J.: 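Take a look at this one; I'll ask things after.
From a predicted model like this one, the values you see are computed outputs, not experimental measurements. Here, residue 1 is the first one in the sequence, and each next residue gets the next number.
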Amino acid sequence: MAGTDAGHEVVVVRPRKVLIAAWVGAVVTVALFVAIAAVLPNVQTGVYFRFADQVALVVLGLFIAGGLLLVARPRVKADAEGIEVRNILVTRRLPWALVLRIAYPDGASWARLDLPDDEYLPVLAIQAVDGQRAVDAITRLRALHARARAS
């Protein structure tokens with residue numbers, strides 16, 4: 001979760017349960033599509049499935065699995081200079097001076113960075129389903145933020 005480089009703390013956070021669920025879902029999806037593709041030519045449906053149809057089903061399963069793995073992508077990497085938030089598609093690096101606070105609103109599924117002008121950036125790497133891991137991550141990020149803002 002975190003590393004130290006000559007007294008320079010780096011906090012890295014990734015979701016745990018979503019990561020596991022995404023990989024299990026991707027593997028099950030590919031296995032299911034491969035099994036269906038293997039069985040298709042032998043089923044008496046009145047429709048003739050060719051090799052190209054089987055390949056297309058496997059490729060479709062791979063695309064769906066890839067989409068499922070996108071939810072395993074979020075990560076937060078923070079150090080004394082700032083914080084890098086990688087969500088599903090977009091990565092943003094912000095200096096601590098732009099981050100007003102690291103919030104976890106009541107009932108929220110994930111944390112967020114409160115920014116100036118009533119803007120915020122969701123932090124999908126810190127999720128409520130991770131329980132104590134999420135609490136520890138928020139605590140470490142807030143401590144790093146407080147030290148950076150104090151200096």
J.: Would you name the heavy atoms of A108 and A128 that are closest together and state the gap between them?
T.: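 Closest pair (atom of A108, atom of A128, distance): O-CB, 3.9 Å.
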J.: Can you check side-chain contact (heavy atoms from CB on, under 4.5 Å) on R149 and R101, steps first, answer last?
T.: CA-CA 10 Å; R149 296 281 289 207; R101 71 183 186 128; over 6 Å; no
J.: Are L115 and V76 connected in the hydrophobic side-chain network, where two residues link if heavy atoms are under 4.5 Å apart?
T.: yes
J.: Kindly indicate whether the side chain of V18, heavy atoms from C-beta on, has any atom under 4.5 Å from the side chain of Q127.
T.: yes
J.: Tell me, do I126 and L141 make a side-chain contact under 4.5 Å, heavy atoms counted?
T.: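 With C-beta onward as the side chain, the pair touches.
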J.: If we ignore hydrogens and angles and just use 3.5 Å, is the side chain of K17 paired with the main-chain N or O of V129 as donor and acceptor?
T.: yes
J.: Determine whether more than 12 heavy atoms belonging to other residues, nucleotides or ligands lie under 6.0 Å from atom CZ of R16.
T.: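 Incorrect, the count does not exceed 12.
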J.: Would you say that L68 contacts T29 through its side chain, given a criterion of any heavy-atom pair below 4.5 Å between the two side chains?
T.: yes
J.: To the nearest 0.5 Å, what is the distance between CD on Q54 and CG on L40?
T.: 6.5 Å
J.: Taking all non-hydrogen atoms of both residues, which atom of L69 and which atom of A22 are closest, and how far apart?
T.: CD2-O, 3.9 Å
J.: Sub-3.5 Å donor-acceptor pair from the side chain of H145 to the main-chain atoms of V99, do we have one?
T.: yes
J.: Treating R14 as the side-chain partner and A72 as the backbone partner, does any N or O pair qualify as donor plus acceptor under 3.5 Å?
T.: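 Checking the backbone N and O of A72 against the side chain of R14, a donor-acceptor pair under 3.5 Å is found.
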J.: Could you grab the distance from atom CG of L121 to atom CG of L98, nearest 0.5 Å is fine?
T.: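 Interatomic distance, L121 CG to L98 CG, rounded to 0.5 Å: 11.0 Å.
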J.: Are V90 and V71 joined in one hydrophobic group, where the rule is that I, L, V, M, F, W and Y side chains link up if heavy atoms are under 4.5 Å apart?
T.: yes
J.: Using the rule given for side-chain contact (heavy atoms from CB on, under 4.5 Å), can you reason through V123 versus W110, listing the C-alpha separation, both sets of side-chain angles and the distance that settles it, and then say yes or no?
T.: CA-CA 6 Å; V123 181; W110 47 76; 5.9 Å; no
J.: V85 and T91: side-chain contact (heavy atoms from CB on, under 4.5 Å), yes or no, with the steps?
T.: CA-CA 6 Å; V85 177; T91 301; over 6 Å; no
J.: Do any N or O atoms from the side chain of R133 and from the backbone of P15 form a donor-acceptor pair under 3.5 angstrom?
T.: no
J.: Do R147 and L144 come within less than 4.5 Å of each other through their side chains, counting heavy atoms only?
T.: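 Counting from C-beta outward, R147 and L144 do come under 4.5 Å.
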J.: Indicate, with yes or no, if F33 and I36 share a hydrophobic cluster defined by side-chain heavy-atom contacts under 4.5 Å among Ile, Leu, Val, Met, Phe, Trp and Tyr.
T.: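 Result: yes, single cluster for both.
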J.: Side-chain contact test, heavy atoms from C-beta onward, threshold under 4.5 Å: evaluate it for V55 versus V59 and give yes or no.
T.: yes
J.: To the nearest 0.5 Å, tell me how far L124 CG sits from N87 CG.
T.: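 Spacing of CG (L124) from CG (N87) equals 4.0 Å.
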J.: Counting C-beta onward and ignoring hydrogens, is there a side-chain heavy-atom pair between L113 and L94 closer than 4.5 Å?
T.: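 Yes, at least one pair of side-chain atoms sits under 4.5 Å.
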J.: Are E9 and D79 close enough that some pair of their side-chain heavy atoms sits under 4.5 Å apart?
T.: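 No, too far: nothing below the 4.5 Å cut-off.
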J.: Hey, does the side chain of Y104 reach the backbone of V135 with a donor-acceptor pair shorter than 3.5 angstrom?
T.: no
J.: Run the numbers on I88 and R73 for side-chain contact (heavy atoms from CB on, under 4.5 Å), then give the verdict.
T.: CA-CA 6 Å; I88 293 175; R73 201 168 177 271; 5.7 Å; no
J.: Does R92, at its CZ atom, have more than 12 non-hydrogen atoms belonging to other residues, nucleotides or ligands within less than 6.0 Å?
T.: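 Counting neighbours around CZ of R92, 12 or fewer heavy atoms of other residues, nucleotides or ligands fall under 6.0 Å, so no.
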J.: If I take atom CG from residue L100 and atom CG from residue D118, how far apart are they, to the nearest 0.5 angstrom?
T.: 9.0 Å
J.: Go through it in stages, so that I can follow the logic: the residues are R112 and D114, the test is salt bridge (charged side-chain N to carboxylate O under 4.0 Å, His left out), and I'd like the CA-CA distance, side-chain angles, deciding distance and then a yes or no.
T.: CA-CA 6 Å; R112 72 183 197 189; D114 287 340; 3.0 Å; yes
J.: Say you draw a straight line from CG of L62 to CG of L57; how long is it, rounded to the nearest 0.5 Å?
T.: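 Between atom CG of L62 and atom CG of L57 there are 11.0 Å.
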J.: Any idea which heavy atoms bring A80 and A148 closest together, and the distance?
T.: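 In this case the closest contact between A80 and A148 is O-CB, 3.6 Å.
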J.: Would you say R140's side chain and V11's backbone share a donor-acceptor pair under 3.5 angstrom?
T.: no
J.: Given side chains that start at C-beta, do those of V12 and R75 come closer than 4.5 Å, heavy atoms only?
T.: yes
